Amino acid sequence: MPEQGTSEARFTVETAKVLAEVAHNRQKDKLKRPYREHVLAVGDALEDFDDDIRIAGYLHDIAEDTPMTRQALLDMGVSERAVGIIERVTKRLHDNPDDYQAGIRFIAQDHDATLVKIADNAHNSLPERVQALAEKWPDRPPVTRYADARPVLYAAVPEEEVRKILARVNPWLLEELDDRLDEADDTDYENLSYEEAPQDEPVETTPQGETTPLVETAETAEPGGAPRD
């Protein structure tokens with residue numbers, strides 16, 4: 001416990017947000033827009049997750065595009081976990097930085113890094129941005145790799161987590177996600193038999209007309225086998 005009159009410095013989400021703004025303040029993206037808008041959008045998209053993931057979201061490009069080092073982040077109070085996420089999504093630290101899809105597969109091996117990359121991918125895939133990039137480079141669509149990366153990233157984390165991120169940063173991708181899930185569902189609904197459909201648990205009727213499960217479950221029994229009231 002710290003001595004009276006001292007306090008432990010804590011690197012907060014708000015601190016990460018300020019650092020991201022300052023670190024990327026003079027940088028521009030491919031469309032000559034302030035790059036800080038991108039990193040802030042990625043961090044904002046992760047609002048439904050814990051602080052380490054949100055901090056990594058705001059700082060996801062700080063090791064890629066600034067002189068900031070791992071030790072400098074740790075010295076500032078960024079957690080080992082958040083720094084690890086930042087490093088995993090930093091392309092220049094990958095074994096083969098020029099192999100984008102290999103990098104995506106490497107990121108997808110880690111749950112937390114995948115969430116950050118999904119947010120990054122989604123913001124880069126906003127319809128207005130995709131259109132602007134296509135108009136600027138009509139002969140070489142620059143966002144095809146983002147579309148190719150999404151199936152790998154989406155398969156690495158629970159679907160509901162993907163939906164939370166997309167709903168915040170790029171709701172237009174939700175329709176694409178639903179279409180992808182429909183394509184992956186190979187159930188033959190036209191010829192699905194009644195016996196194959198899920199069956200409700202059998203119940204019995206009490207004299208008062210109430211229904212109770214015929215099979216006692218862990219949720220309906222007290223330790224030792226006595227049913228709960």
Side-chain angles (χ1 to χ4, degrees), residues 8-24 35-66 68-97 99-126 145-171 173-174 176-177 180-181:
E8 290 188 27
R10 181 169 176 268
F11 193 93
T12 67
V13 171
E14 285 304 313
T15 309
K17 193 170 183 178
V18 172
L19 177 57
E21 289 187 273
V22 173
H24 298 284
Y35 197 71
R36 65 178 181 274
E37 294 178 0
H38 168 70
V39 295
L40 294 179
V42 171
D44 290 347
L46 297 163
E47 187 173 331
D48 296 301
F49 301 92
D50 65 51
D51 284 2
D52 281 342
I53 292 174
R54 295 175 67 192
I55 287 170
Y58 286 118
L59 303 181
H60 75 279
D61 272 336
I62 202 161
E64 187 81 62
D65 299 327
T66 81
M68 189 70 67
T69 65
R70 169 187 177 84
Q71 192 57 51
L73 290 171
L74 293 173
D75 290 345
M76 294 175 71
V78 182
S79 71
E80 288 272 3
R81 178 182 171 219
V83 171
I85 298 170
I86 294 166
E87 290 183 322
R88 184 169 280 262
V89 300
T90 299
K91 184 174 66 172
R92 70 176 183 83
L93 299 179
H94 294 173
D95 290 340
N96 186 356
D99 190 337
Y100 182 79
Q101 292 303 324
I104 291 297
R105 292 191 295 273
F106 173 67
I107 292 169
Q109 294 172 16
D110 182 85
H111 169 270
D112 300 340
T114 301
L115 296 179
V116 172
K117 196 61 183 177
I118 288 172
D120 175 45
N121 181 296
H123 186 257
N124 281 326
S125 303
L126 283 167
R145 64 179 186 174
Y146 297 145
D148 293 341
R150 286 196 283 274
V152 179
L153 296 171
Y154 291 175
V157 295
E159 177 193 335
E160 61 270 20
E161 295 184 348
V162 179
R163 290 187 180 279
K164 286 179 180 180
I165 295 171
L166 299 186
R168 287 190 178 277
V169 68
N170 189 343
L173 286 180
L174 288 169
E176 177 191 277
L177 175 62
R180 193 182 306 280
L181 292 173

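Source: prediction; values computed, not measured.
Residues Y58 and L40 are in side-chain contact: their nearest non-hydrogen atoms beyond the backbone lie under 4.5 Å apart. Residues F11 and L73 fail the side-chain proximity criterion, which asks for heavy atoms closer than 4.5 Å. For the pair R81/D50, a side-chain contact is recorded, criterion being any heavy-atom separation below 4.5 Å from C-beta on. Under the 4.5 Å side-chain criterion, counting only non-hydrogen atoms from C-beta, D51 is not in contact with T12. The side-chain heavy atoms of L177 and L166, taken from C-beta on, include a pair separated by under 4.5 Å. Using a 4.5 Å cut-off on side-chain heavy atoms (C-beta onward), K17 and D44 make contact.
Between V169 and L126, the closest heavy-atom pair is O-CD2, 3.3 Å. Smallest separation of non-hydrogen atoms from A156 and A108: CB-O, 3.4 Å. What you find for D110 and A113 is that their closest heavy atoms are OD2-N, 2.8 Å. Between A63 and I86, the shortest heavy-atom distance links the atoms CB-CG2, 4.2 Å. When every heavy atom of R150 is checked against every heavy atom of S125, the shortest pair comes out as NH1-OG, 2.9 Å. Taking both residues in full, the closest heavy atoms of V39 and A20 are given as CG2-CB, 4.0 Å, listed atom of the first, atom of the second, then distance.
Under the 30°/60° scheme for interplanar angles, the aromatic rings of H60 and H38 are found to stand perpendicular.
Taking CG of N121 as the reference point, atom CG of D148 lies at 10.0 Å (rounded to 0.5 Å). Atom CD1 in I165 sits 4.5 Å away from atom CG in L115 (nearest 0.5 Å). Atoms CD1 and CZ, on I107 and R88 in that order, are 8.5 Å from each other to the nearest 0.5 Å. Of the inter-residue distances, the one linking I118 atom CD1 with N170 atom CG reads 12.5 Å to the nearest 0.5 angstrom.
Distance alone, capped at 3.5 Å, places no donor-acceptor pair between the N124 side chain and the Y146 backbone.
A side-chain contact (heavy atoms from CB on, under 4.5 Å) with L19 is found for one member of I62, T66, I55 and no other, namely I62. For the salt bridge (Lys or Arg N to Asp or Glu O under 4.0 Å) with R163, the qualifying choice from E160, E159, E161 is E159, the only one to do so.
Counted by atom type alone, Y35 and D61 present one or more donor-acceptor pairs between their side chains at under 3.5 Å.
One finds no salt bridge joining K164 and D48 here, because no Lys/Arg side-chain nitrogen approaches an Asp/Glu carboxylate oxygen to under 4.0 Å. R180 and E176 are joined by a salt bridge, as a carboxylate oxygen and a charged side-chain nitrogen come within less than 4.0 angstrom of each other. Note on K117 versus D120: salt bridge recorded, some NZ/NE/NH1/NH2 to OD/OE distance being below 4.0 Å.
Within the structure, every pair that satisfies the salt bridge (charged side-chain N to carboxylate O under 4.0 Å, His left out) test and touches residues 69-79, not counting sequence neighbours, is listed here: R70-E80, R70-E87. Evaluation of the ring pair (Phe, Tyr, Trp, His ring centres under 6.0 Å) test over residues 70-94, restricted to residues two or more places apart or in two chains, returns H94-F106.
Within a 6.0 Å radius of CG in N96, more than 12 heavy atoms belonging to other residues, nucleotides or ligands are found.
Taking E37 as the reference, nothing meets the salt bridge (charged side-chain N to carboxylate O under 4.0 Å, His left out) condition, with sequence neighbours excluded.
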